[in-house]
Enquirer: 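Please read through the structure below; I'll follow up with questions.
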Amino acid sequence: MIYRIYNSPPRTRANPGNTMLVEVDGSKRTIEVGVGTSTDIRAKKIRVKAGTGGTSSSVEGWYVLVS
């Protein structure tokens, strides 16, 4: 399966946003999705694990199953 993952930019300029950490196929590998970027990932299952690098306590974005 292919998932498209998007990490939204912060709502204000004062907040630098967080990098989204996505766990792929259990704990086999971790992908970092930068603020305001998207990526396609081939995996059986994904899980948004955490956000890091910003001052916010959350990560905003979305994912969709492409195929």
Side-chain angles (χ1 to χ4, degrees):
M1 293 184 244
I2 299 174
Y3 294 93
R4 178 160 296 142
I5 301 171
Y6 176 70
N7 186 3
S8 299
R11 293 179 189 235
T12 65
R13 289 182 172 219
N15 179 0
N18 289 316
T19 298
M20 184 185 293
L21 301 176
V22 180
E23 193 175 80
V24 180
D25 292 333
S27 61
K28 290 184 181 177
R29 63 187 167 128
T30 301
I31 304 291
E32 293 185 11
V33 182
V35 177
T37 63
S38 68
T39 188
D40 291 342
I41 297 174
R42 181 181 299 250
K44 291 181 182 175
K45 78 176 181 182
I46 62 170
R47 180 174 72 151
V48 175
K49 189 173 177 181
T52 184
T55 59
S56 177
S57 60
S58 65
V59 174
E60 293 186 36
W62 49 260
Y63 70 92
V64 65
L65 178 62
V66 176
S67 67

Enquirer: Please identify each residue that fulfils salt bridge (charged side-chain N to carboxylate O under 4.0 Å, His left out) with Glu32, with sequence neighbours left out.
Expert: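 Checked Glu32 against salt bridge (charged side-chain N to carboxylate O under 4.0 Å, His left out); zero matches.
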
Enquirer: Quick one: side chain to side chain donor-acceptor pair (under 3.5 Å) partners of Arg47, sequence neighbours excluded?
Expert: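 So Arg47 forms a side chain to side chain donor-acceptor pair (under 3.5 Å) with Glu23.
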
Enquirer: For the CG atom of Asn7 and the CG atom of Asn18, what is their distance to the nearest 0.5 Å?
Expert: 8.0 Å

Enquirer: Considering only residues two or more places apart or on different chains, which pairs with a residue in residues 15-41 satisfy ring pair (Phe, Tyr, Trp, His ring centres under 6.0 Å)?
Expert: none

Enquirer: Do side-chain atoms of Asp25 reach the backbone of Ala43 as a donor and acceptor pair under 3.5 angstrom?
Expert: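 Side chain of Asp25 to backbone of Ala43, a donor-acceptor pair under 3.5 Å: no, none is there.
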
Enquirer: Hydrophobic cluster mates of Ile31, side-chain heavy atoms under 4.5 angstrom, ILVMFWY only, any path?
Expert: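 Members alongside Ile31: Met1, Tyr3, Ile5, Met20, Val22, Val24, Val33, Ile41, Ile46, Val48, Val59, Tyr63, Leu65.
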
Enquirer: My understanding is that only residues two or more places apart in sequence, or in another chain, count here; which of them pass side-chain contact (heavy atoms from CB on, under 4.5 Å) with Ser38?
Expert: Tyr6

Enquirer: Can you list everything that forms a side chain to side chain donor-acceptor pair (under 3.5 Å) with Arg4? Sequence neighbours excluded, please.
Expert: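 Per chain and number, Arg4 pairs via side chain to side chain donor-acceptor pair (under 3.5 Å) with Asp40.
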
Enquirer: So which atom in Gly61 and which in Ser8 form the shortest heavy-atom distance, rounded to 0.1 Å?
Expert: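 Heavy atoms only, the tightest pair is CA-OG, 3.6 Å.
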
